[in-house]
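This report refers to the structure that appears directly beneath it.
The figures that follow rest on heavy atoms only: side chains count, while hydrogens, waters and symmetry mates do not.
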Amino acid sequence: VQLQASGGGLVQAGDSLRLSCAASGRIVTYYRMAWFRQAPGKEREFVASSRYKPGITNYADSVKGRFTISRDNAENTLYLQMNSLKPDDTAIYSCAAQLNFKGGSTGQQPSNYDYWGQGTQVTVSS
């Protein structure tokens, strides 16, 4: 499984960006996919996750109402629409895939995931 993230950039506060994560395999077969981010000097943190069956999405409190995770199963691509961006959203964003169910997994820990894409930098200026 290979994941390729793209779409990052330098934007101003209040702007929007859409990140993409193209997968080499059929994402409908993955148990869960997610976006994480890591700011300089900070630990990697959960942003949002998506389960295909059933269609369940989860968001970190810090992005609820501003970010939307979605997927195009035909294109095997995961998206993260980010609106009303803030300087605190500045980080390297990475996508991840969990292939199978794992007991006790909440989908919010990096250890839940089996495969990772390289990150894409998002910088939000004030």
Side-chain angles (χ1 to χ4, degrees):
V1 175
Q2 292 184 327
L3 304 172
Q4 180 78 31
S6 62
L10 171 62
V11 297
Q12 293 187 329
D15 284 351
S16 299
L17 273 177
R18 187 176 80 157
L19 305 184
S20 300
C21 174
S24 61
R26 295 178 63 237
I27 64 173
V28 294
T29 66
Y30 304 166
Y31 179 75
R32 177 163 33 213
M33 297 188 75
W35 289 96
F36 285 77
R37 66 187 182 186
Q38 187 166 20
K42 295 187 178 181
E43 293 187 353
R44 181 177 284 177
E45 68 170 349
F46 169 77
V47 175
S49 66
S50 168
R51 279 178 53 186
Y52 176 54
K53 287 184 178 181
I56 294 176
T57 57
N58 281 304
Y59 296 91
D61 289 342
S62 59
V63 306
K64 268 181 192 173
R66 299 188 298 122
F67 290 11
T68 303
I69 190 171
S70 64
R71 53 169 73 200
D72 184 331
N73 295 321
E75 294 296 325
N76 294 310
T77 302
L78 181 75
Y79 297 102
L80 184 69
Q81 178 66 44
M82 306 186 294
N83 298 331
S84 303
L85 283 161
K86 305 175 181 179
D88 283 349
D89 295 319
T90 295
I92 297 174
Y93 285 71
S94 300
C95 55
Q98 177 185 349
L99 298 191
N100 299 298
F101 170 77
K102 298 176 184 176
S105 166
T106 65
Q108 297 187 17
Q109 297 298 323
S111 59
N112 295 157
Y113 295 86
D114 306 298
Y115 294 94
W116 292 83
Q118 94 299 347
T120 184
Q121 176 71 48
V122 172
T123 303
V124 185
S125 63
S126 57

- Roughly how far, to the nearest 0.5 Å, is the NZ atom of Lys86 from the OG atom of Ser126? 13.5 Å

- Query: Do Arg71 side-chain atoms and Ser50 backbone N/O form a donor-acceptor pair below 3.5 Å?
  - Reply: yes

- Enter the distance from Asn100:CG to Ser105:OG here, rounded to the nearest 0.5 Å. 11.0 Å

- Partner set under side chain to side chain contact (heavy atoms under 4.5 Å, CB included) for Pro54, not counting sequence neighbours: Arg51, Ile56

- Checking side chain to side chain contact (heavy atoms under 4.5 Å, CB included) for the pair Asn58/Phe46: CA distance, chi angles, key distance, verdict? CA-CA 10 Å; Asn58 281 304; Phe46 169 77; 4.2 Å; yes

- Query: What pairs with Tyr79 under ring-ring contact (aromatic ring centres under 6.0 Å, His included), at least two apart in sequence or on another chain?
  - Reply: none

- Message: Lys42: which residues meet the salt bridge (Lys or Arg N to Asp or Glu O under 4.0 Å) condition with it, sequence neighbours left out?
- Response: none

- Item | Separation of Asp89 CG from Thr123 OG1 (nearest 0.5 Å) | 11.0 Å

- Closest non-hydrogen atom pair between Gln118 and Ala5, with its separation: NE2-O, 2.7 Å

- Message: Enumerate the salt bridge (Lys or Arg N to Asp or Glu O under 4.0 Å) contacts for residues 22-34, please, sequence neighbours excluded, ordered by first and then second residue.
- Response: none

- Message: If I compare all heavy atoms of Tyr113 with all of Ala34, which pair ends up nearest, and what's the gap?
- Response: OH-CB, 3.3 Å

- Within a radius of less than 6.0 Å around CD of Gln2, do more than 12 heavy atoms belonging to other residues, nucleotides or ligands occur? no

- Message: side-chain hydrogen bond (donor to acceptor under 3.5 Å, both in side chains), that's the test. Do Gln4 and Ser6 meet it? Break it down for me.
- Response: CA-CA 7 Å; Gln4 180 78 31; Ser6 62; over 6 Å; no

- Take Asp114 and Lys102, measure what side chain to side chain contact (heavy atoms under 4.5 Å, CB included) needs, and give me the verdict at the end. CA-CA 11 Å; Asp114 306 298; Lys102 298 176 184 176; 2.9 Å; yes

- Can you name the closest pair of heavy atoms from Ala13 and Pro87 and give their distance? CB-CD, 4.1 Å

- Task: Could you list who else is in Val1's hydrophobic cluster, with ILVMFWY side chains joined at under 4.5 Å, directly or through other members?
- Result: Leu3, Val11, Leu17, Leu19, Ile27, Tyr30, Met33, Trp35, Val47, Tyr59, Val63, Phe67, Ile69, Leu78, Leu80, Met82, Leu85, Tyr93, Leu99, Tyr115, Val122, Val124

- Message: Nearest 0.5 angstrom please: Gln81 CD to Arg66 CZ, how far?
- Response: 12.0 Å

- Audit row: Ser49, Gln108, side chain to side chain contact (heavy atoms under 4.5 Å, CB included) steps and yes/no: CA-CA 8 Å; Ser49 66; Gln108 297 187 17; 5.7 Å; no

- Task: Would you check, one step at a time, whether the test side chain to side chain contact (heavy atoms under 4.5 Å, CB included) holds for Arg37 with Ser62?
- Result: CA-CA 12 Å; Arg37 66 187 182 186; Ser62 59; 3.5 Å; yes

- Query: Where do Asp61 and Lys64 land on the salt bridge (charged side-chain N to carboxylate O under 4.0 Å, His left out) test, with the steps shown first?
  - Reply: CA-CA 5 Å; Asp61 289 342; Lys64 268 181 192 173; 3.2 Å; yes

- Note on the structure: Applying salt bridge (Lys or Arg N to Asp or Glu O under 4.0 Å) to Arg18 and not counting sequence neighbours gives none

- Ile92 to Gly119 - nearest heavy-atom pair and separation: CG2-CA, 3.5 Å

